[in-house]
Structures are given as C-alpha cells and as structure tokens.
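One structure below.
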Amino acid sequence: MAIRLFDSLTRSPQELRRPDPANPQDFFTFYNCGPTVYAPAHIGNFRTFTVNDVLRRLLELEYGPDKVKHVRNLTDVDDRTIGQAKKEQRPLADITRHWTQIFHEDCRALNLLPPHAEPTATGYIKEQVNMIEVLMQKGCAYRAADGSVYFKIASFPGYGGLSRIKERELKVTNTVADADHKDSVSDFALWKAYKPEEDGLVSWAGPDGAAAGRPGWHIECSAMSKAILGDTIDLHSGGIDLLFPHHENEIAQSQCCNGTTFSRHWYHSEHLLVNGTTMSKSKGNYYTVRDLIAQGHSPLAIRYALLAGHPRKQLNFTLESLHAAESALKKLQVIVTVFHDPKYRVAGNGTPSRLTEVLDLLRDDLNTPGALGALFKLGHEISCGIGGGPTNADVATLDQILGVLGLEATQLAAANAAPKADAPDEVKALAAKRWAAKVAKDFAAADALRKELTAVGWSMLDAKDSYKLEPLKK
RNA sequence: GGUGCGGUAGCCAAGUGGUAAGGCCGAGCUCUGCAAAAGCUCUAUUCGGCGGUUCGAUUCCGCCCCGCACCUCCA
C-alpha cells in the first residue's frame, strides 16, 4: 500500500506523491520546522522530530534512500535567541552555536537521522530579504512607520485556509505591542526594524525601502524551503502549535511571492504532555533528553516512549511510561533475537511476510503504537509456534520495520546492554565469596551472602559459569 | 468567545458497523539449588453519560459531561 498521511489542509488522509523512479531529478521534498536554539530542546520538541524521523525513514524505505530530500531548519535569530544572548551578555552566535551542538548530541542519542540539509535563518538573510522585496513589489507587504515590513493579510484571500481562522474571530491580545504600526492587527512582521535597546548587535541591511533590522520568524521557513527545495514542496510538517500562525503565514508569504502552491501536504504532530499538561519551564515539568539520560534512562527508551502513542494524538509522558518503555524494549530485543536466530528459521515459499501488515500500519498515517502492538503479537505467536518460525522474508521485513522505527537490532542490543554502575570492591568480594560457596554447594552460606548483598543494595545474577552484579531497583 | 484533539482495563495505548491488539504493573505456573532472566496462563460481558439510526454501535448521528491544546514569533 502507498503511504497515507493525514493532511491538515484537507483534514483527511491523503496518499503521498511517489517520485518518479525513472527521473533522477525527481525527489520527495520534505520540510520540517526545527528548533529554536536558545535553550535545550525538551522531549516534547523531540516527539515531533522523532515522528518526523520515522516518516523520513519510511519515505526512504518506500521511495529509495536517494529519492527523499529532508530539510529541517534551525531558528537562530528571533526574540528568544536574542533575549538569551542579551541576558547572558554574549554574542548571539555563541548562544546559538552552543545550543545547536547540544541539539545535535540529543538527536544522535535518540537515533535521529540528520536531515539532508539543516539551514539556519541567519544563513539565509539574503533570500529572506529578496522574498520580502518581491512581496512589497506585489503589494502584499508594506513598510510601517518604524521601517519594519508587514505582510498584508488582506492581499491574500486564501488566508486562514489551513487554520480556519477568520480575522474577526481572533482574540484581541495585548502581545501585539507594535500594533499601531500595522494596517491591521492580523498583519504579521516580515522584517523587524532594529531596536537598539533590544537587539544589541543583531542587525542586517533590510529590504529596499525598509530599515535595517532582522527577519520576522515566519519568513525564514518560506525562504529556506524555496531556496533548497523549490517553490512547491511535497510535504511540510511540524508540531500542531505551528499550524497557526506560523504555517498559515508561511503559506500566505510563499504563495503570494511564488504564485504557486507552497506545499502539497501538511502534517502536524500533536503535543506531548507531562502529567496532563504541556511542558513549560514555569510549570517545572520540563524534561530534556540529557536530564533523562543523566538519570540513567536509555535514550532508546525515550525514543520508544515517544513512539508509543499515535503521533496525531496527545501523549502523556511520565517517568512511569519511560519505565514501561525500558521493559518493552527488553522484550522487543528478545523477539528480535529469536527472529534472527537461524535455528528458528523456516523455509519461505515466497508468500508475503506476515510482517507486511506491520509495515502497512506505519504506512497508514504512521500508526507507530499499532505497529508496535502487532510486532509484539507476532513475536508471541512465533514463540508459541503459531504459524511456524520466521521465514527469510519475515526477517528481512522485521529489519525494515525496526529500521523505520529507528529501533534497529544493534541499537536494541546496545541499549539493553547499557553499562551498569560498577560495583564497589567490598560488593565484588562478597559476590566472589558467594560464588565460591555456591560452586562448593554450600547453599546455606551462599544464601546468607546473597542476603548480605541485598542488604547493601546489590543483586547477583547467576549464569551457568559466571555471574554479574546489578544495583537493586528501588 | 472562536478553532481543533481526545475520554477504551490499576497505568499507558491500538482498533473496527458484527461483538475489545499490544505494552507496563500485578497474580499463578514452568524452568532454574536460591535469586534473576526467559516462557506460559490470568487480569474490560465492556469502550465518559443519555438518546437515535441499524438485524447489530465502542465504532455512525444528536445532545450533555469532562480533559487537553491553539487563537500573532510555543514542537
């Protein structure tokens, strides 16, 4: 079956376009709104990036690894990045470089593939300025009294098509401090005139007829998408919160500038919640990947936990769900090991693998929890001997599925073999004594020593000819 | 006020117009001296509530209750 994704524009599942395999210039083009690099991304941000990573892997599996172009930007100039630079009294580039590096480390930990291009807003100032100039020439944008440039929503009749928001229904907020510069409260900034007290050293020459300053937020995605992927792309994705105003504004800018469809398909993933509400620093429910890793959680378990709910449904993340993910990962590894063990292999007769239905669940709107469930069910059936052992086709399909989920066999093995804390010498000594007692079949002494080990918080796991020590779970 | 998403077992979470996947936790069993690991079995007469359509609804429609989110620079 073809890949179908829910489309925010038509509000229905739509088949994605398959690039022409015969045309080497035809790619599936995919733009995913990335993070703002002023602080560590939290796991809510990473839910979106992980979902998009699964999508990207699925596209490459279906269309071929060289037929997909995946772009994810870095927002490295905006109110928050500038604010952070000002707060720390450091150059903007220092701040964004630092957090970009942290972001990349977190991405690697979560086994996210790097996008094919990762443009930054500051790297595409010229393209943004050009675009704004075109919009001004076309009468879709105007210069305000302070030298800023605003997009004129009235010039784009299709405005609100994505979010279904009508201008008159907008709640009037007081966050629009510069409303007096605009023709209409709904108009949004394409270019923001330099404000010495706020912007510090951050400023570029503006579009013709405008003041020096910096780009507004929305224009960067339009400009970078156009520059790298072209006027019309196949898919644009991001978190649900970006649907309005960000994506609505991108459509308006791009379509007015380019005179053609901006993106054929729009996909939005839902929010990750923590204890029932969205994450925010003020609520103190702000998990980062590095914090969780520092607490001893495996990054792959974080990835699993993020994929354990349907991407278009809010998912409640708790430490408990992370523990569940860790246990599930162990179980998954056992299943994978059985699949890969030649001794269970059964001759295939060329019929489609039973696992293709699991792949179909992923093709159908990225149903990751459904696919995971089906995978466990099959693992269970195979261990019970139902339907016979896996065929070569089954094993190949399993590897494809794991590859799409980013839970490859090697990753699973590494995660589950995560180094445990090394035992102190006295614990090691106790363990050695107990092992000796056991080998001597002095079970009373062995049991007493096990109790001693338990008392100091360690558990001894006997294998046939060896043992290992693990800290007791509380 | 506008818009959107959702309410399925102790927790998490799929799903379908034909009678409830899966994961976690828990219990029992098997296997191991013990312990752990692993495996097996069990755990929703029921899908927020009330009506309606239907031979049949958790699944479609209506109303109500509850939760979450967005509404101009939050993934």
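Chain A is the first sequence line, chain B the second, and so forth, proteins listed ahead of strands; every chain is numbered from 1.
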Handout entry: Side-chain N,O (A:His323) to OP1/OP2 (B:C11) below 4.0 Å
Key = no
Problem - Between B:A75 (P) and A:Tyr267 (OH): distance, integer Å - result: 17 Å
Problem - From B:A75, B:G6, B:A36, nucleotide with atom closest to A:Cys33 side chain - result: B:A75
Practice task
Could you check A:His42 against A:Tyr287 for ring pair (Phe, Tyr, Trp, His ring centres under 6.0 Å), going step by step and ending with a plain yes or no?
Solution key: CA-CA 6 Å; A:His42 56 63; A:Tyr287 288 112; 10.0 Å; no
Practice task
Take atom CD of A:Glu270 and atom P of B:G67, then tell me their distance rounded to the nearest Å.
Solution key: 17 Å
Fill in the blank from the handout: If pairing means Watson-Crick or G-U wobble with both distances under 3.5 Å, then the partner of B:A9 is none
Problem - Atom-pair distance (NE2 on A:His247; P on B:U3), nearest Å - result: 22 Å
Practice task
Using heavy atoms to find the nearest nucleotide of RNA chain B for A:Asn367 and A:Met460 separately, return the residue whose nucleotide is more 5′.
Solution key: A:Asn367
Problem - Pairing partner of B:C63 (Watson-Crick or G-U wobble, both distances under 3.5 Å) - result: B:G49
Which atom pairs, one a donor and one an acceptor, fall under 3.5 Å between side chains of residues 448-456 of chain A and the rest of the protein, sequence neighbours left out?
{"from": "A:Arg450", "atom 1": "NH1", "to": "A:Met460", "atom 2": "O", "distance (Å)": "3.0"}
{"from": "A:Arg450", "atom 1": "NH2", "to": "A:Met460", "atom 2": "O", "distance (Å)": "3.3"}
{"from": "A:Thr454", "atom 1": "OG1", "to": "A:Arg450", "atom 2": "O", "distance (Å)": "2.8"}

Problem - Side-chain N,O (A:Ser321) to OP1/OP2 (B:C12) below 4.0 Å - result: no
Handout entry: Touch class at under 4.0 angstrom, heavy-atom based, for A:Gly373 against every strand present
Key = base
Show each protein N/O and nucleotides 28-34 of chain B N/O combination with a separation under 3.5 Å, one pair to a line.
{"from": "B:G33", "atom 1": "O6", "to": "A:Arg434", "atom 2": "NH2", "distance (Å)": "2.8"}
{"from": "B:G33", "atom 1": "N1", "to": "A:Asp447", "atom 2": "OD1", "distance (Å)": "2.9"}
{"from": "B:G33", "atom 1": "N2", "to": "A:Phe443", "atom 2": "O", "distance (Å)": "3.4"}
{"from": "B:G33", "atom 1": "N2", "to": "A:Asp447", "atom 2": "OD1", "distance (Å)": "2.6"}
{"from": "B:G33", "atom 1": "N2", "to": "A:Asp447", "atom 2": "OD2", "distance (Å)": "2.5"}
{"from": "B:C34", "atom 1": "O2", "to": "A:Arg450", "atom 2": "NE", "distance (Å)": "2.9"}
{"from": "B:C34", "atom 1": "N3", "to": "A:Arg434", "atom 2": "NH2", "distance (Å)": "3.4"}
{"from": "B:C34", "atom 1": "N3", "to": "A:Arg450", "atom 2": "NH2", "distance (Å)": "3.1"}
{"from": "B:C34", "atom 1": "N4", "to": "A:Asp462", "atom 2": "OD2", "distance (Å)": "2.5"}

Handout entry: Pairwise 5' ranking along RNA chain B for A:Lys331 and A:Glu381, keeping only the more 5' one
Key = A:Lys331
Practice task
Report which part of the nucleic acid A:Thr278 touches: base, sugar-phosphate, or nothing (heavy-atom distance under 4.0 Å, all strands).
Solution key: sugar-phosphate
Exercise for the section: Give a yes/no on whether any side-chain N or O of A:Arg164 is located under 4.0 angstrom from OP1 or OP2 of B:G4. Expected result: yes
Practice task
Please confirm whether any donor atom in the side chain of A:His271 sits under 3.5 Å from an acceptor in the base of B:A75, or the reverse.
Solution key: yes
Problem - Any donor-acceptor pair under 3.5 Å from A:Thr81 side chain to A:Asp78 backbone - result: yes
Practice task
Scan A:Gly216 against the nucleic acid and name what it touches under 4.0 Å (heavy atoms): base, sugar-phosphate only, or nothing.
Solution key: nothing
Handout entry: Closest to side chain of A:His310, choosing from B:A75, B:C40, B:A14
Key = B:A14
Completion exercise
note: A:Leu273, atom CG; B:A75, atom C1'; distance rounded to Å ~ 12 Å
Practice task
Could you check whether A:Leu242 gets within reach of a base, just the sugar-phosphate, or nothing at all, counting any heavy atom under 4.0 Å?
Solution key: sugar-phosphate
Fill in the blank from the handout: Testing B:G39, B:U72, B:A75 for proximity to the side chain of A:Asp241, the answer is B:A75
Handout entry: Phosphate-side-chain proximity, A:Ser327 and B:C25, N/O vs OP1/OP2 below 4.0 Å
Key = yes
Exercise for the section: Specify the closest pair of heavy atoms between A:Ala212 and A:Ser203, including all atoms of both residues, with the distance to one decimal. Expected result: CB-OG, 3.6 Å
Handout entry: Polar side chain donor-acceptor pair, A:His268 to A:Ser8, under 3.5 angstrom
Key = yes
Handout entry: Under 4.0 angstrom between A:Lys468 side-chain N/O and B:A37 OP1 or OP2
Key = no
Exercise for the section: Using atom CD of A:Glu250 as one end and atom C1' of B:U72 as the other, report the distance to the nearest whole Å. Expected result: 14 Å
Exercise for the section: Using distance alone, with no hydrogens and no angle criterion, decide if A:Thr75 and A:Glu220 have a side-chain donor and acceptor under 3.5 Å apart. Expected result: yes
Handout entry: A:Asn45 CG to B:A75 P, straight-line distance once rounded to whole Å
Key = 5 Å
Problem - Whole-Å distance separating the CD atom of A:Glu357 from the P atom of B:G22 - result: 13 Å
Exercise for the section: Could you check A:Tyr159, A:Tyr267, A:Trp266, A:Phe262 and say which one makes a ring-ring contact (aromatic ring centres under 6.0 Å, His included) with A:His247? Expected result: A:Trp266
Fill in the blank from the handout: From the candidates B:A14, B:C24, B:A21, the one with an atom nearest any side-chain atom of A:Lys377 is B:A21
Practice task
Could you tell me whether the side chains of A:His265 and A:Gln14 share a donor-acceptor contact shorter than 3.5 Å?
Solution key: no
Exercise for the section: Would you mind pulling out the nucleotide paired to B:C25, Watson-Crick or G-U wobble, both distances under 3.5 Å? Expected result: none
Problem - Flag for A:Asn73-A:Tyr124: side-chain donor and acceptor within less than 3.5 Å - result: no
Exercise for the section: Kindly say if A:His380 contacts the phosphate of B:U41, meaning a side-chain N or O under 4.0 Å from OP1 or OP2. Expected result: yes
Practice task
Hunt down the Watson-Crick or G-U wobble partner of B:G33, both distances under 3.5 Å, from any strand shown, or write none.
Solution key: none
Practice task
Assign the ring pair A:His246 / A:His218 to parallel, tilted or perpendicular, where the plane angle (0 to 90°) is split at 30° and 60°.
Solution key: tilted
Fill in the blank from the handout: Rounded to whole Å, the NZ-C1' distance (A:Lys330 to B:G23) equals 14 Å
Exercise for the section: With heavy atoms under 4.0 Å as the rule, sort A:Phe376 into base, sugar-phosphate or nothing. Expected result: sugar-phosphate
Completion exercise
Scanning all shown strands, the Watson-Crick or wobble mate of B:G1 with both distances under 3.5 Å is B:C71
Practice task
Select one nucleotide: of B:C11, B:C40, B:G4, the one nearest the side-chain heavy atoms of A:Ser383.
Solution key: B:C40
